[in-house]
Amino acid sequence: MMDVKDRYIIDTIIEKCEGVRDPALIILQNVQEILGYVGKEYLEYVSEKSGYPLVELYGIITFYPQFKLNPPGKNTIKVCQGTACHVRGSDRILGTLEELLKISPGETTENRLFSLESVRCLGCCGLAPTIMINKKTYGRVKPSNLKNILAEYEEVDQYVVE
Amino acid sequence: MALTGIKITINIDGKDYVCDPGETVLDVAKRNNIDIPTFCYNPLLIEYQRLGSCRLCLVEVISGGKPGLQSSCTLPVSTGLAVSTHSEMVYQARRSVVELLLSEHVMDCCNCGVSGNCIFARMCRDYDINGTPVCAECPNQKEGCLLQRNTLCLGPITYSGCNAYCTRKGYRCEGCFSMVQNEDILRFGLKAYRDGGFSADEILNAARIFSFDRIALLEKVMKEEGFE
Amino acid sequence: MLLSRLYHLKEIAAIGAGRLERDKPQLIFGLGTCGIAAGGMQLKEFAKEYLAEKKIDAEISSVGCIGMCYAEPLVDVKIPGKPRVTYGKMTVEKLKEVIDTHLVGGVPLKKYALAQLNSEISECTSTTVNYSESYEGIPAYQDLPFFAKQVRIVLRNCGIIDPEEITEYIARGGYRSAYKVLHEMKPEEVIEEIKASGLRGRGGAGFPTGLKWDFCHKARGDVKYVICNADEGDPGAYMDRAVLEGDPHSVIEGMIIGAYAMGATEGYIYVRAEYPLAIERLRIALKQAEEYGILGTRILGTDFSFRIHIREGAGVFVCGEETALINSIEGRRGEPRPRPPFPATSGLWGKPTNINNVETWANIAMIIQRGSKWFSSFGTGKSLGTKVFSLVGKINRAGLIEVPMGIPMKDIVYEIGGGVPNDKKLKAVQTGGPSGGCIPAEHLDIPVGYEELKELGAIVGSGGMVVMDEDTCMVDVARYFLTFTSEESCGKCTPCRVGTKRMLEILNRICTGHGTIRDIETLESLSAQIINAALCGLGQTAPNPVMTTLRYFRNEYLEHVQDRRCSASVCAALFKAPCQNTCPAGTNVFGYIQMLYDGRFAEAYEINRENNPFPAICGRVCEHPCESRCLRGQLDEPIAIRELKRYCADKTFESGLPSHVSRLGSVDKKIAIVGGGPSGLSAAYFLERLGYSTTIYESSDELGGWMRYGIPQYRLPHEILDREINDIVNLGVEVKCRTAVGKDIRLEELVDRYDAVYLAVGAQKDITLGLGGEEGLIPGLKLLRDITMGKTIDVGNNVLVIGGGNVAIDVARSLVRAGVNKVQICYRREEKDMPAYVDEVRQCKEEGVEFHFLIAPESLIIEEGKVVGVRFRKNRIGAYTKWGRRQPEPTDDTIEIRADSVVVAIGQQIDDEFAGDMRDKLFERNRIKVINNKLETACDRIFAGGDAVLGPASVIQAIAHGKCAARSIDIRLSGRDRFVELEELNNRSYAMASRENDHFIPRETVKELPPDARINGFDEVVLRFDDASAKREAFRCLRCDLSSEEVE
């Protein structure tokens, strides 16, 4: 549910966009960026505050795949499916990740540690195949070293839990 | 937003028409009773809301613009513009648009309420598409369906195009236009047969008469559906 | 500080110059997204700590991408007054070394150095760096093949300047053009200059930029906009990202000039959200430009005001289409609008709007600075200037390059890119992303220009160039792109929304083995209609990948629908494992390796024999295409499949077990086979197993053909050969040796007496040089045959062998063993182009044979009626051909090599004597023509295969043809495919217990006899694996045929 903090964040975003022409997309992008997803209650609140009809906002977030309607996992893994990565075997990278995490693209692991996404081109074609975890890009990935890459993120989490 | 006084002349299918600036080719055509089919067009939409989405109203620009197909509902009139509404290129493009829409369309003709007044069936006839079953043309749908009267009509799995000649006269469809080669349509047909309580052998025997060489797909679908 | 006068710019330039040429040693990191992904950031962090710890007085700075992605991460070292030296593929350890020796010690570390920057590599004329000195022994940038052909206009500053420092951009001549335009030029003059330059849009469509500006300039409106399209969505293209990350100011300057020319006061840069670094660097650049009065109100001391805003895209491909992009900036769903009206008259918020892509904008300042004439001196025809390409995929030197338009594509791929890795064959180059097409290898000599590529069905597009090798399935490529476009279709118009979906369904069907010929026709007609009827550029070009692959690779589509086969081993539903799929005979590789691992050698041998009657022979001489496709090769090295095959055969022979093979009941039909070589014997083997009676007609004394007379015993001992041939003959084959068809019996007679005839006559006639006076030369194959048959040969003590194939090597090595003192081999190309097996060439050298490369025979030296040597023309390596080999070109030099005798081994052809009167009907040029893949000839009941059809090929291909012919004959005579029944007799389980082997395990190597032990006789050179090595090697097999659930 939305709390005061979320409301405050959205208020600030809308305030900051004052003076920008047609800011609907920008507002939603900021919500996505800061809150991690654009849930139903966020949408309703944005609609209420900005005056955009809910249907228009919904139309926008369903058009752009950047937006998520549900909260993602702690770490988002993006597997590049660009042409260069495809011919260099990105299918096997994605397959291995699916096996390791036991989820399909678009899903989140049960412990909410990882979300898996297959994306278009990450623009690192020279280093194909590539994956991106949060904002860090990994180039020349081999199926065999995925375990180690994932471990980087798992360990950090365990440490926090303890 | 027509400017008073100034008029523009455009050419549609070889004939000149006078029109106001700001009008679209479709506007002019409608006003002059030139047939251009549409799906997504709605006269209530104002200019910038017109979409050019369904691509059924395509016309071919002959001169006065970028040659090729343009959606007439969004094509503004301009001096020297000449278009054709029924060239071969237009025909082929419209045909493929209808075909594509049809490929997404649920062919549940026997339960459809339009009772023979089917825009798809009409389009399919106009554009020579063998995708719809006879049911789509049949006027006796729903309560009048022959299947519900325990008559083994082949309408649901037979190509349309005959204007449902037999069923209009109260006879069952014999399948002379031969069997539809589209799994989805066959599946819907089988559903109708199952509801009517017909057996696989009965249907196959009836269909064999005119479709002896095209029966394989039906057999495959029957097997998949577990139809006996 | 607000810049308003030219001397202000000069002052700033001086500051920037001081940053570029510092008075302290400097470490420069290449930190584009690619450099960071390769670990550049960690290196930088390490360097910071290391410098602090060691108290080294040096500075650290970062630059954008210079384009050498293949060598990332890159670190440069710059000592004051000396050239910058670039180090590639850096690691922390290497960097430590570089810092110690070069940064501190002042001595460049040659072993890691890629290149030095000792002169300007771009078209920038305001070079400030001191390039007077250079280091010895390190190549200059422009001497690297990667840079030699490049002309850098757009990328002039990328990798040179710090993109977060406006002063460095100004030091390299930046913002002078904007100043000049704003102070000295009228808008019309600017537009004329751009028109005259011939610049065309670099985003894909190639519309003339000047014309586009003119439309917008002339459009009526109080408010106008310019937009930079940085929504680079083509997979495989990243030039826009590199420019924005490496030189954002060049784009801003271009936009200022354009805005002034068109009268726009607001600009938007629409960037993909996937490029966070580019967005950040743009923000910094915009802020700096505003601080210096280059953007904002009354810029650069004039009355002109201009502002630029950034809008982030949200991951939708179609937003690269200009009308969709406008919708997206307006904060709506990014669906395209129909044109007309064009954005130039009614664009953003209904105002006249100009949209150009990043690369187009980055060109503008240079055109103004150096003039349209200079710009149009690059390029050809209607494609002028340069183009940035991202050269990626299966290529040795992947990276970002800028080349003059019109450069042949083969130069890009082979000279700049260094060709395809692992000696694989190039299949196609894909340009233009999902809207583009695949250009096949045979068209690689095409000049890269808008019109030229369009003619081939592809487009220049935004500049992605993806190289594909033989491991790529073109149907899968088409399917990949259709998956892309059907997912990215915005859904607005019917043809694109539904049409791409239907096309994808058809392609999926084909890739899973359920396609039909009709599907291919439907694909073609559907493509044509979508191109005509779709609303926007995305839809109108979506079928292009399908159209071009159908145009150039139709055979692959046919293979998928007719044979249910994917020879590139990509479409998973059509094969079990790549090794088996690649073997021409379809050998169950994973099966016998599993049996071998389980210690069941005899069964392993039997599995081999199901598809190939000669496992022991192929275990020695096969060209093993299977190994090149082994998936283990992607992990470390391929399995030694051939050596394992030999191991299980030899072990079976040693154990003395009889060979068993499955057979069907006998059929009362007789087949004649002409030729007792590998193909004829294989056909007999399979036909006998199918129940037929076969008779082999062989003109020589013994069976075996090439295997006996063309392969020396040190590679293939005759007892092995005899054993496997006898196993076939013992099935009941009638053998008629010393019976030459065409001489002893006419072919027509065979056709009358038998139910079917299989022609497997091979290609065993030596090709001659065509020089005249060749009677004195010795044909290579004849010599090998004489040696095999034990005849005494009199060749003298110094022999010259001409040729570079396996026969030349076999001749040379046989001569060494026959006691000839000096043997020399001459070949007209380079060593790496030799068709002979690499291992054989190595062994040949070990045995003392001398090699001469790049010389071509010109005339024979004849003294007293005897050939005493050859005069050669020396060749040099010329330009690349479109097939990727460098063409030898004759020079003025000649060389004479004298010898007691000269052997010619430059190839073989088929001897057509057997055919008699039927020659014309059977032959096309010098080979027998088969009319379909069932190996039928134009004559009823006559089938043909092996070298006679293929030209000189390998043993395994000959075997595969024998197998295929047997199957076709059976289908022809029995009316059904009884091969399936034969295969059903061998129902084996290849279950595998789970094993942990997906870590690095080196490939086992086989032992060889030492050179001095082998040259005295014909003992077999290569030894079989010992038991432990074989087991270790078999352990490495990944069992690609099993899914993870199937592992026990």
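Proteins come first, then strands; the chains are lettered A, B, ... in the order of their sequence lines, and each starts at number 1.
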Exercise. Are there residues of residues 529-541 of chain C that reach to under 4.5 Å of chain B by heavy atoms, and which ones?
Worked result: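 The stretch touches chain B at C:Gln529, C:Asn532, C:Ala533, C:Ala534, C:Leu535.
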Exercise. Taking non-hydrogen atoms and a cut-off under 4.5 angstrom, which of residues 488-509 of chain C neighbour chain B?
Worked result: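 At a heavy-atom separation under 4.5 Å, chain B is reached by C:Lys492, C:Cys493, C:Thr494, C:Pro495, C:Arg497, C:Val498, C:Gly499, C:Lys501, C:Arg502.
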Exercise. What pairs of residues pass the salt bridge (Lys or Arg N to Asp or Glu O under 4.0 Å) test when at least one of them lies in residues 121-136 of chain B, not counting sequence neighbours?
Worked result: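 Residue pairs with at least one partner in residues 121-136 of chain B: B:Arg125-B:Glu137.
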Problem set entry | All pairs passing salt bridge (Lys or Arg N to Asp or Glu O under 4.0 Å) where residues 77-100 of chain B contributes a residue, at least two apart |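 Passing the test, one end in residues 77-100 of chain B: B:Arg95-B:Glu99.
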Problem set entry | Carboxylate-amine/guanidinium proximity below 4.0 Å for C:Arg200 and C:Glu451 |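 Yes, charged N to carboxylate O under 4.0 Å.
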Exercise. Does C:Arg337 pair with C:Glu322 as a salt bridge, N-O distance under 4.0 Å?
Worked result: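 A salt bridge is absent here (no side-chain N lies under 4.0 Å from a carboxylate O).
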Exercise. Do C:Phe484 and C:Phe317 make the cut of ring centroids closer than 6.0 angstrom?
Worked result: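 So the answer is yes for these two rings.
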Exercise. Can the ring centres of C:Phe342 and C:Phe215 be said to be less than 6.0 Å apart?
Worked result: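 For C:Phe342 and C:Phe215, the ring centres are not under 6.0 Å apart.
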For this session: Indicate whether the side chain of B:Asp16 and that of B:Asn11 have a donor and an acceptor atom separated by less than 3.5 Å.
Result: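 Result is yes, a qualifying pair exists.
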Problem set entry | Polar side-chain atom of B:Ser87 near backbone of B:Ser84 as donor-acceptor pair, under 3.5 Å |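 No.
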Problem set entry | Most contacts with chain C, counted as non-hydrogen pairs under 4.5 angstrom, among B:Gly65, B:Ser96, B:Ser71, B:Cys40 |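 Greatest number of close heavy-atom pairs with chain C: B:Ser96.
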For this session: Select, from B:Cys54, B:Ser103, B:Gly52, the one with the greatest count of heavy-atom pairs under 4.5 Å involving chain C.
Result: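 Among the listed options, the one with the most contacts to chain C is B:Ser103.
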Problem set entry | Full working for side-chain hydrogen bond (donor to acceptor under 3.5 Å, both in side chains) between B:Ser178 and B:Arg214 | CA-CA 8 Å; B:Ser178 97; B:Arg214 324 183 81 175; 2.9 Å; yes
For this session: Provide the closest heavy-atom pair for B:Pro133 versus B:Ser160 in the form atom of the first, atom of the second, distance.
Result: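 In this case the closest contact between B:Pro133 and B:Ser160 is O-CB, 3.5 Å.
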Exercise. Given the rule in the ring pair (Phe, Tyr, Trp, His ring centres under 6.0 Å) test, do B:His105 and B:Phe120 qualify, once you have shown the distances and angles that lead to the verdict?
Worked result: CA-CA 9 Å; B:His105 185 69; B:Phe120 270 133; 4.5 Å; yes
For this session: Please state whether the side chain, the backbone, both or neither of B:Leu100 comes within less than 4.5 Å of a heavy atom of chain C.
Result: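 Answer is both: backbone and side chain atoms of B:Leu100 are under 4.5 Å from chain C.
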